[in-house]
There are 2 protein chains.
Amino acid sequence: MAYGIGEVAARTGLSVHALRFYEREGLFVGPIVRDPGGRRVYSDGDIGWVELCARLRETGMPLEVIRKYADLVRDGVGNEPERLALLREHQERIESQMQALSVGLSMISYKVRVYEKRLAEGTAAALWSSSTSSSGD
Amino acid sequence: MAYGIGEVAARTGLSVHALRFYEREGLFVGPIVRDPGGRRVYSDGDIGWVELCARLRETGMPLEVIRKYADLVRDGVGNEPERLALLREHQERIESQMQALSVGLSMISYKVRVYEKRLAEGTAAALWSSSTSSSGD
DNA sequence: ATAGGACTTAGAGCGGGCTCTAGCTCAAGC
DNA sequence: GCTTGAGCTAGAGCCCGCTCTAAGTCCTAT
């Protein structure tokens with residue numbers, strides 16, 4: 001199947017601007033085919049690649065690293081160990097990001113519970129009002 | 001206890017530049033105390049707040065939102081429902097970030113397994129060489 | 001008393017990742 | 001034939017979050 005840039009944008013969630021930008025930046029493995037009028041025509045394979053890029057970006061891989069990966073794939077068979085290393089590094093980065101998120105999440109969840117409790121008691125607390133300070137939110 | 005800016009930077013992982021920047025940006029609840037020479041003196045409470053800010057940033061909260069939260073805390077008692085709402089929204093954002101990370105992670109883990117397998121077979125595959133193409137890495 | 005090091009300010013600069021603009025071409029529909 | 005809409009290029013612009021600079025102050029140790 002063949003798709004126009006707008007269609008690809010709609011499917012992948014990237015903007016058409018971003019798609020052209022990614023191409024300029026060398027994130028694609030091969031050149032994107034053009035129709036006789038010079039417009040980009042994307043294949044299913046291209047869409048798959050764009051989706052991979054989107055996932056890599058979402059997980060915080062810098063464009064420069066994605067480009068490096070694309071370069072390796074483009075160079076073809078023989079550099080699999082390098083590609084593997086690159087992916088494994090990213091795997092680890094994602095894991096530590098998840099770790100950081102979960103630390104942050106539990107801190108926030110704790111605060112949420114505190115506020116919930118405070119508010120639940122709040123109506124009652126209006127009696128002896130103020131002085132429930134300290135804590136340091 | 002009282003701490004200088006360098007000490008706070010060392011403890012929280014933020015740079016001294018970032019600490020001053022956060023202050024200018026209004027992320028602190030109260031003014032930071034100064035010594036007679038005009039230098040910042042941080043209390044344990046300030047450090048706690050900086051650490052909260054650091055966690056919020058790490059989990060992707062924009063400075064503007066942290067400022068809004070600081071504003072609410074500064075305004076004192078009465079706006080707890082707003083603070084709670086703000087925290088809950090962020091909780092949800094973190095949860096969807098974790099979701100995105102885990103989607104990305106499983107995509108990458110899958111690829112890692114593919115490459116590992118390919119490499120394990122690789123030595124053998126050198127026999128009938130090439131043609132193991134397709135896939136679209 | 002002098003050198004070093006930590007601190008101060010206001011403001012400029014930077015890197016990443018888009019995002020938008022201007023001016024153009026093309027294809028389809030009325 | 002003309003409008004509308006999608007696409008094209010090269011390059012400028014923008015937002016965020018720092019990060020660094022310049023020029024100066026102050027404390028401490030030798």
Side-chain angles (χ1 to χ4, degrees), chain A residues 1-28 31-43 46-47 49-70 90 93 97 100 104, chain B residues 1-28 31-43 46-47 49-70 90 93 97 100 104:
Chain A
M1 300 303 103
Y3 313 87
I5 196 170
E7 222 170 330
V8 176
R11 275 170 193 254
T12 63
L14 292 174
S15 69
V16 298
H17 298 293
L19 285 168
R20 289 194 280 243
F21 173 70
Y22 281 14
E23 188 177 337
R24 275 195 257 173
E25 292 296 300
L27 302 195
F28 285 90
I32 297 297
V33 172
R34 302 302 183 106
D35 72 10
R39 296 162 181 213
R40 292 168 179 83
V41 179
Y42 296 81
S43 69
D46 293 330
I47 291 197
W49 179 261
V50 171
E51 260 154 9
L52 172 60
C53 292
R55 293 311 130 248
L56 293 175
R57 282 292 305 126
E58 269 180 17
T59 53
M61 184 180 280
L63 294 185
E64 199 182 328
V65 178
I66 300 182
R67 175 169 38 235
K68 198 182 294 177
Y69 184 67
H90 190 55
R93 275 193 299 269
Q97 279 182 77
Chain B
M1 301 302 102
Y3 312 88
I5 197 170
E7 222 170 331
V8 177
R11 275 169 192 253
T12 63
L14 291 174
S15 69
V16 298
H17 298 293
L19 285 168
R20 290 194 279 243
F21 172 70
Y22 281 14
E23 188 177 337
R24 275 194 257 172
E25 293 295 301
L27 301 195
F28 285 91
I32 297 297
V33 171
R34 302 302 183 107
D35 73 9
R39 296 162 181 214
R40 293 169 178 82
V41 179
Y42 295 82
S43 70
D46 293 330
I47 291 195
W49 180 260
V50 170
E51 260 154 9
L52 172 59
C53 291
R55 291 313 130 246
L56 293 175
R57 281 292 306 126
E58 269 180 17
T59 53
M61 184 180 280
L63 294 185
E64 200 182 327
V65 179
I66 301 182
R67 175 170 36 237
K68 199 182 292 178
Y69 184 68
H90 190 55
R93 275 193 299 270
Q97 278 183 78

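Letters A, B, ... mirror the listed sequences (proteins, then strands); counts begin at 1.
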J.: Do the side chains of A:Arg20 and A:Glu23 get close enough for a salt bridge, i.e. N-O under 4.0 angstrom?
T.: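 Looking at A:Glu23 together with A:Arg20, the answer is no, because their closest N to O distance does not fall below 4.0 Å.
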
J.: Atom CD of B:Glu58 to atom P of D:dC18: distance rounded to whole Å?
T.: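 To the nearest whole Å, that distance equals 11 Å.
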
J.: Output the distance between atom OG (A:Ser43) and atom CH2 (A:Trp49), rounded to the nearest 0.5 Å.
T.: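 Going from the OG atom of A:Ser43 to the CH2 atom of A:Trp49 covers 12.5 Å.
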
J.: Which nucleotide wins on minimum distance to the side chain of A:Tyr22, given the candidates C:dC7, C:dC18, D:dT9?
T.: C:dC18

J.: How do B:Gly6 and A:Leu63 order along DNA chain C: which one's closest nucleotide is nearer the 5' end?
T.: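 Comparing both residues, the 5'-ward one is B:Gly6.
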
J.: What is the separation between atom CZ on B:Arg57 and atom P on D:dT19, rounded to the nearest whole Å?
T.: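 That distance rounds to 11 Å.
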
J.: Atom CZ of B:Phe21 and atom P of C:dC14: how far apart are they, to the nearest Å?
T.: 17 Å

J.: Quick one: B:Ile66 CD1 to D:dC16 P, roughly how many Å, whole number?
T.: 13 Å

J.: Check whether any side-chain N or O of A:Arg93 sits under 3.5 Å from a backbone N or O of A:Gly60 as a donor-acceptor pair, and report yes or no.
T.: no

J.: For B:Leu56 and D:dC18, what is the distance between atoms CG and P respectively, to the nearest whole Å?
T.: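 From B:Leu56 CG to D:dC18 P: 12 Å.
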
J.: What integer distance in Å separates A:Glu25:CD from C:dG15:P?
T.: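 Atom-to-atom, A:Glu25 to C:dG15, this comes out as 14 Å.
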
J.: Using whole Å, report how far CE of B:Met61 lies from C1' of D:dC16.
T.: 16 Å

J.: A quick test of your reading: do over 12 heavy atoms of other residues, nucleotides or ligands sit less than 6.0 Å from CD of A:Glu64?
T.: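 Open.
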
J.: Could you tell me the separation between the CD atom of B:Glu23 and the P atom of C:dA10, rounded to a whole number of Å?
T.: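 In whole Å, C:dA10 P lies 10 Å from B:Glu23 CD.
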
J.: Which label fits B:Tyr42 and B:Phe28: parallel for a plane angle under 30°, tilted from 30 to 60°, or perpendicular past 60°?
T.: tilted

J.: Give, for atom CZ of B:Arg40 and atom CD1 of B:Ile32, the distance between the pair rounded to the nearest 0.5 Å.
T.: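 The CZ atom of B:Arg40 sits 8.0 Å away from the CD1 atom of B:Ile32.
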
J.: Hey, what do you get for CE (A:Met61) to CG (A:Leu52), rounding to the nearest 0.5 Å?
T.: 8.0 Å

J.: From C:dT9, D:dC18, D:dC8, pick the nucleotide closest to the side chain of B:Arg40?
T.: C:dT9

J.: Detail all sub-3.5 Å separations between protein N/O atoms and N/O atoms belonging to nucleotides 20-29 of chain C.
T.:
residue	atom	partner	partner atom	Å
C:dC26	O2	A:Arg39	NH2	3.2

